[in-house]
Amino acid sequence: MLDAGTHTHAPRTPAPDGRRDDRRPCDLVTVPARQGLEAVDILRRCTEPAVGPVLLVGRCDTLGFLVPPGTAERWDMAGSACTTAGRRPGGAPAVAGTGWLLPPGEGGAVTDPARLRAALDEAARLIAAADRRR
């Protein structure tokens with residue numbers, strides 16, 4: 001069961017000058033759940049864990065990774081989408097039918113887009129290899 005409403009700390013994103021208290025709305029990268037779950041595992045196994053808040057969307061068939069503002073302007077990866085979230089999430093997710101897989105934490109970090117892209121690429125390769133063995 002998801003605990004979508006008890007966390008009140010909004011993730012913080014690095015400001016252009018390096019400050020950690022940027023209050024601009026995060027962007028959201030959405031991917032199919034299977035690939036997203038693999039990417040979460042990959043990011044959590046890194047020497048320095050690199051995954052920020054992650055949303056379960058709809059009937060848990062899509063995952064959404066919070067990434068720094070401005071990512072949507074540069075994101076172009078097949079099989080995914082990146083949109084501006086429009087507000088800073090805190091507490092319960094802003095969209096009905098969503099819940100936190102990984103809620104915003106005390107550190108306030110979001111997922112680095114470059115690391116997310118690499119993890120999604122690796123996840124796609126792992127899934128393709130597993131599907132070939134079936």
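The basis for the numbers below is simple: all heavy atoms, side chains too, and nothing from hydrogens, waters or symmetry mates.
- A heavy-atom distance below 4.5 Å is found between the side chains of L102 and V51.
- The distance from the CZ atom of R125 to the CD atom of E38 is 12.0 Å, given to the nearest 0.5 Å.
- At distances below 3.5 Å, at least one donor-acceptor pair connects side-chain atoms of T111 with backbone N or O atoms of G52.
- The shortest heavy-atom contact between G64 and V57 is N-CG2, 4.3 Å.
- Using a 4.5 Å heavy-atom threshold, the side chains of D121 and M77 count as touching.
- Atom-to-atom distance recorded for L63:CG and L37:CG is 5.0 Å, nearest 0.5 angstrom.
- Between R34 and the options D61, D131, D41, a salt bridge (charged side-chain N to carboxylate O under 4.0 Å, His left out) holds for only D131.
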Review point. Going through the distances and angles, do W75 and D27 end up as a side chain to side chain contact (heavy atoms under 4.5 Å, CB included)?
Key: CA-CA 10 Å; W75 191 264; D27 288 350; over 6 Å; no
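- Nearest heavy atoms, W100 versus L66: CH2-CD1, 3.9 Å.
- A distance of 8.0 Å separates OG of S80 from CG of L116, quoted to the nearest 0.5 Å.
- Remark: side-chain polar atoms of E122 are not paired, donor with acceptor, to backbone N or O of I42 under 3.5 angstrom.
- Contact of the L120 side chain with the V31 side chain is registered, since non-hydrogen atoms from C-beta on lie closer than 4.5 Å.
- Nearest heavy atoms, P69 versus P25: CB-O, 3.2 Å.
- For the pair P68 and P113, the minimum side-chain heavy-atom distance is below 4.5 Å.
- Across P53 and P104, no two heavy atoms sit closer than the pair CG-CA, 3.6 Å.
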Practice item. May I have the step-by-step check of side chain to side chain contact (heavy atoms under 4.5 Å, CB included) for C82 and V67, ending in yes or no? Key: CA-CA 9 Å; C82 187; V67 293; 4.3 Å; yes
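- A heavy-atom distance below 4.5 Å is not found between the side chains of L55 and F65.
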